[in-house]
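Have a look at the structure below, then the notes.
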Amino acid sequence: GANPAFASRRVAAKDQLRRLILTDRQRIDPQPNPMANEVEAVMYVGAMTWMARGWAAGELGDDLDLVVDAAVRLLMPAGD
C-alpha cells in the first residue's frame, strides 16, 4: 500500500502550493474574488498533480525541464 508518511507529505505540498497561489493572486489583485481565487488555485494544483503523474509514468517524455517549461508557458503566458 501507500506509505502514510509520503501521503501526508504530498497533501502538505499540495496545500502549500495552493496557499502560495492564493498569496500570489492577492499580490496581483488586492481586491480579490475569494471563490474564483480558490477555484483557480485548486485547478492549478490539480493540473500540476496530473502533470507530475504523467511525467512519472513516462507519458510526457523523460526531460522534466521541457515538461515544466511547457506548463509554465501555458499557465503563465508572456505579458501576464
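Any value given below was found using the heavy atoms of this structure, including those in side chains, with hydrogens, waters and symmetry copies removed. Just so it is clear, the structure is predicted and the values come from calculations on it, not from any experiment.
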Could you tell me the separation between the CZ atom of Arg27 and the CG atom of Leu22, rounded to the nearest 0.5 Å? 13.0 Å
More than 12 heavy atoms of other residues, nucleotides or ligands under 6.0 Å from CG of Asp63: yes or no? yes
Set out, in order, the CA-CA distance, both residues' side-chain angles and the distance that settles side chain to side chain contact (heavy atoms under 4.5 Å, CB included) for Glu59 and Trp55, then state yes or no. CA-CA 6 Å; Glu59 298 166 357; Trp55 177 77; over 6 Å; no
Kindly compute the distance separating CD1 (Ile28) from CG (Asn37), expressed to the nearest 0.5 Å. 9.5 Å
Linking I/L/V/M/F/W/Y whenever any side-chain heavy atoms sit under 4.5 Å apart, do Leu64 and Val72 land together? yes
What pair of heavy atoms forms the shortest contact from Met51 to Leu60, and how long is it? O-CD1, 3.5 Å
Could you state whether Val68 and Met48 fall into the same hydrophobic cluster, counting links through intermediate Ile, Leu, Val, Met, Phe, Trp or Tyr residues with side-chain heavy atoms under 4.5 angstrom apart? yes
Check ion pair Arg18-Glu38 (N to O, under 4.0 angstrom): yes
How long is the straight-line distance from OG1 of Thr49 back to NZ of Lys14, given to the nearest 0.5 Å? 4.0 Å
Between Gln26 and Thr23, is there a side-chain heavy-atom distance shorter than 4.5 Å? no
Are any of the side-chain nitrogens in Arg19 or Asp15 under 4.0 Å away from the carboxylate oxygens of its partner? yes
Once rounded to the nearest 0.5 Å, what's the spacing between atom CZ of Arg25 and atom CG of Leu20? 14.0 Å
Do Trp50 and Val42 share a hydrophobic cluster (ILVMFWY, side-chain heavy atoms under 4.5 Å, transitive)? no
